[in-house]
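Below: one structure, written as structure tokens.
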Amino acid sequence: MFESLDDKLSQAEKIVFVTGAGISQESGIPTFRGKDGLWRKYDAMQLATIDAFYENPKLVWEWYEERRKNILAAKPNAGHTTIANLEKYKQVRVLTQNIDGLHQRAGSNQVYELHGSIVTIKCTVCDFKEKIESRFSELSPICKCGHILRPDVVWFGEQLPQDVWDKAIQEASSCDVMFVVGTSLAVSPANLLPVYAKQNGATLIEVNPEETPMSQSMNLSIRSTSAKALPELLSIINK
Ligand code: BV8
Ligand code: ZN
């Protein structure tokens, strides 16, 4: 699959992976597209907003609790583990839109969570923030300051964590090769990261069964799933 870019891959020092829901699809976690994107009758874009949360916090909390249950029961797949193992041979950075933590569970050490994490909660008012260990006795959980707690994720209309975003731009703008894996590139500003890499002359490789808005700008588009395609990468890199 990657033959045409053998040299680029073997000579590359820093490889960056921009990932989306598609890389966790083969771990049984639904993506946001099509029928997958619906929970009960709600579209993910409707629920993942601060307005939806204040309008009906219990509903939004139930959505995240269900997703967290599925995510904690899921296992990283060959796509995640390949990226983690690549750290033995190359400088690897993961810039992910996923809040599922599967890259870290696969052993990746340099993961930037652009849209937050489903295993952390924070207060809507004070600076309380905590990793969630157990299920909540009752929804919606309240902070010791009396205000409501929320998942520590980035909702539509909210800024990305500045430090993470600045670091992501820096990594994207200084990589030799960028893999764009399992993302529709529908959401900004995350969908700008391949543009930064292109501007820096990086080799762009897409792994996605379907076309994306940046397919034409790719040096190589692999129309396959990440768990099938990525493992082959290792065999080329450690030749
Ligand atoms: C912001 C966390 C500044 C929560 C998420 C109008 C036009 C343009 C932009 C905007 C607009 N109005 C507002 C905006 C900005 C907005 C945006 O981009 N909206 C889109 C919908 C148009 N962005 C924001 O609001 C961002 N903040 O801009 O702040 C600002 C502030 C105020 C006002 C203006 C600007 C914040 C965005 C972050 C939102 N939070 N997630 C949660 O998860 O609950 S986004 C969430 O959806 C994910 O994190 C991810 O980013 C996105 C879903 O995309 P993907 O991950 O790519 O998944 P998708 O299902 O779409 O695609 C899956 C792909 O995988 C497909 O291509 C499929 O073919 C492929 N695939 C499937 N199976 C496999 C596979 N590939 C490989 N292997 C497989 N097995
Ligand atoms: Zn508080």
Side-chain angles (χ1 to χ4, degrees), residues 17-39 42-53 60-61 63-68 70-71 77-80 82-83 95-101 112-130 141-162 164-165 168 179-194 205-215 221-231:
F17 289 83
V18 171
T19 67
I23 198 168
S24 296
Q25 187 268 335
E26 289 157 292
S27 293
I29 298 174
T31 66
F32 288 70
R33 299 282 94 184
K35 68 169 186 23
D36 261 8
L38 286 182
W39 179 73
Y42 297 96
D43 174 314
M45 308 286 182
Q46 283 168 286
L47 291 171
T49 64
I50 191 74
D51 306 341
F53 182 69
V60 172
W61 261 116
W63 182 45
Y64 280 98
E65 277 302 278
E66 186 161 321
R67 290 173 67 187
R68 195 158 61 88
N70 296 340
I71 284 168
N77 62 59
H80 300 106
T82 296
I83 295 173
L95 314 178
T96 189
Q97 299 165 78
N98 300 343
I99 63 176
D100 59 30
Y112 299 100
E113 295 179 306
L114 304 168
H115 296 161
S117 163
I118 200 167
V119 292
T120 311
I121 54 175
K122 65 182 178 182
C123 180
T124 48
V125 174
C126 77
D127 59 6
F128 171 82
K129 189 180 271 198
E130 183 179 85
I142 301 300
C143 177
K144 59 186 180 313
C145 76
H147 291 94
I148 190 170
L149 292 170
R150 57 167 283 176
D152 181 21
V153 298
V154 179
W155 282 328
F156 289 97
E158 293 185 325
Q159 301 283 358
L160 276 57
Q162 200 58 45
V164 175
W165 181 240
F179 283 85
V180 181
V181 182
T183 179
S184 60
L185 295 174
V187 170
S188 71
N191 56 6
L192 298 175
L193 292 168
I205 302 171
E206 177 180 71
V207 178
N208 192 319
E210 290 172 20
E211 283 261 322
T212 72
M214 282 198 73
S215 293
S221 281
I222 308 280
R223 291 279 163 264
S224 170
T225 70
S226 43
K228 284 205 196 71
L230 289 179

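First listed ligand is number 1; within each ligand, the first listed atom is number 1. Since this is a predicted model, take the numbers as computed values, not measurements.
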Heavy-atom contact check, 4.0 Å cutoff: does T212 meet ligand 1? no
CD1 of I23 to OG1 of T225: how many Å apart, nearest 0.5 Å? 10.0 Å
Do the rings of W155 and Y64 sit parallel, tilted or perpendicular, given the 30° and 60° boundaries? tilted
Flag side-chain contact, heavy atom, 4.5 Å: L149 against E130: no
Return the minimal non-hydrogen interatomic distance between E26 and S226, and the atom names on each side. OE1-OG, 3.5 Å
Using a 4.0 Å cutoff against the non-hydrogen atoms of G182, which atoms of ligand 1 qualify? 63 (C), 64 (C), 65 (O), 76 (N), 77 (C)
Lys/Arg N to Asp/Glu carboxylate O, R150 vs E158, below 4.0 Å: yes
Answer with yes or no whether the side chains of S215 and E206 bring together a donor and an acceptor at under 3.5 Å. yes
Considering only protein heavy atoms, which is closest to atom 54 (O) of ligand 1, and at what distance to one decimal place? S184 OG, 3.9 Å
Yes or no, since that's all I need: does a protein heavy atom fall within a distance strictly under 4.0 Å of atom 35 (C) of ligand 1? no
Where ligand 1 meets A21 - atom numbers and elements under 4.0 angstrom, heavy-atom basis: 55 (P), 56 (O), 58 (O)
Checking a contact table here: which protein heavy atom is nearest atom 21 (C) of ligand 1, and how many Å away? F156 CE2, 3.9 Å
Would you mind listing which atoms of ligand 1 come within a distance below 4.0 Å of any non-hydrogen atom of T183? 55 (P), 57 (O), 64 (C), 65 (O), 67 (O)
Listed protein N/O/S atoms, distance to the Zn ion (ligand 2) under 2.8 Å: C123 SG, C126 SG, C143 SG, C145 SG
Could you tell me, atom by atom, which parts of ligand 1 come under 4.0 Å of a heavy atom of S226? 77 (C), 78 (N)
For P213 against S184, the heavy-atom pair lying closest together: CD-O, 3.3 Å
Tell me whether P189 has any N or O atom under 3.5 angstrom from an N or O of ligand 1. no
Give yes if a backbone or side-chain nitrogen or oxygen of W63 is under 3.5 Å from a nitrogen or oxygen of ligand 1, and no if not. no
Between G157, A227, G116, P213, flag the one that comes closest to atom 31 (C) of ligand 1 by a heavy atom. G157
Which heavy atom of A190 sits nearest to which heavy atom of L114, and what is that distance? CB-CD1, 4.1 Å
Protein residue, atom and distance nearest to atom 51 (O) of ligand 1, heavy-atom basis: Q97 OE1, 2.7 Å
For atom 66 (C) of ligand 1, the protein heavy atom that lies nearest, with its residue and separation: N208 ND2, 3.8 Å
Name all residues meeting the side chain to side chain donor-acceptor pair (under 3.5 Å) criterion together with Q162; count only those two or more places apart in sequence or in a different chain, and write none if there are none. D166
Of Q25, H115, E210, which has the heavy atom at the shortest distance from atom 48 (C) of ligand 1? H115
Looking at atom 79 (C) of ligand 1, is any protein heavy atom nearer than 4.0 Å to it? yes
Residue, atom and distance of the protein heavy atom nearest atom 52 (C) of ligand 1 read V187 CG2, 3.6 Å
Validation row: W165, P189 side chains within 4.5 angstrom (heavy atoms): yes
Between S24 and H80, is any side-chain donor less than 3.5 angstrom from a side-chain acceptor? yes
May I ask you to test the F53-W61 pair for a side-chain heavy-atom distance under 4.5 Å? yes
Correct closest heavy-atom pair for D152 and K129 would be OD2-NZ, 3.3 Å
Which of the numbered atoms in ligand 1 are under 4.0 angstrom from any heavy atom belonging to G20? 56 (O)
List ligand 1 atoms under 4.0 Å from T225, heavy atoms only on the residue side. 78 (N), 79 (C), 80 (N)
Taking atom 4 (C) of ligand 1 as the point of reference, which of T49, N98, V60, V154 owns the nearest heavy atom? V154
In this structure, which one of L185, L193, N208, T19 forms a side chain to side chain contact (heavy atoms under 4.5 Å, CB included) with V180? L185
Residue R67 vicinity, atoms of ligand 1 by number, heavy atom under 4.0 Å: 42 (C), 43 (O), 44 (O)
For ligand 1, does A190 get within less than 4.0 Å through its side chain, its backbone, both, or neither, judged by non-hydrogen atoms? neither
Show which atoms of ligand 1 fall inside a sub-4.0 Å distance from at least one heavy-atom site of E26. 78 (N), 79 (C), 80 (N)
Minimum heavy-atom separation for P194 and N191, please, with both atom names. CD-O, 3.6 Å
Would you say Y64 has any N or O atom under 3.5 Å from an N or O of ligand 1, going by distance alone? yes
Which protein heavy atom lies closest to atom 3 (C) of ligand 1, and at what distance to 0.1 Å? Q159 OE1, 3.6 Å
Does a side-chain heavy-atom distance below 4.5 Å link I29 with N98? no
For V207 and A229, which heavy atoms make the closest approach, and how far apart are they? CG1-CB, 3.9 Å
I'd like to check L230 versus F17 (side-chain heavy atoms, cut-off strictly below 4.5 Å). Are they in contact? yes
Close side-chain approach of H115 and V153, heavy atoms under 4.5 Å: no
Students should be able to answer this: which protein heavy-atom is nearest to atom 1 (C) of ligand 1, and at what distance? E158 O, 3.5 Å
What protein heavy atom sits nearest atom 10 (C) of ligand 1, and how far off is it? S188 OG, 4.4 Å
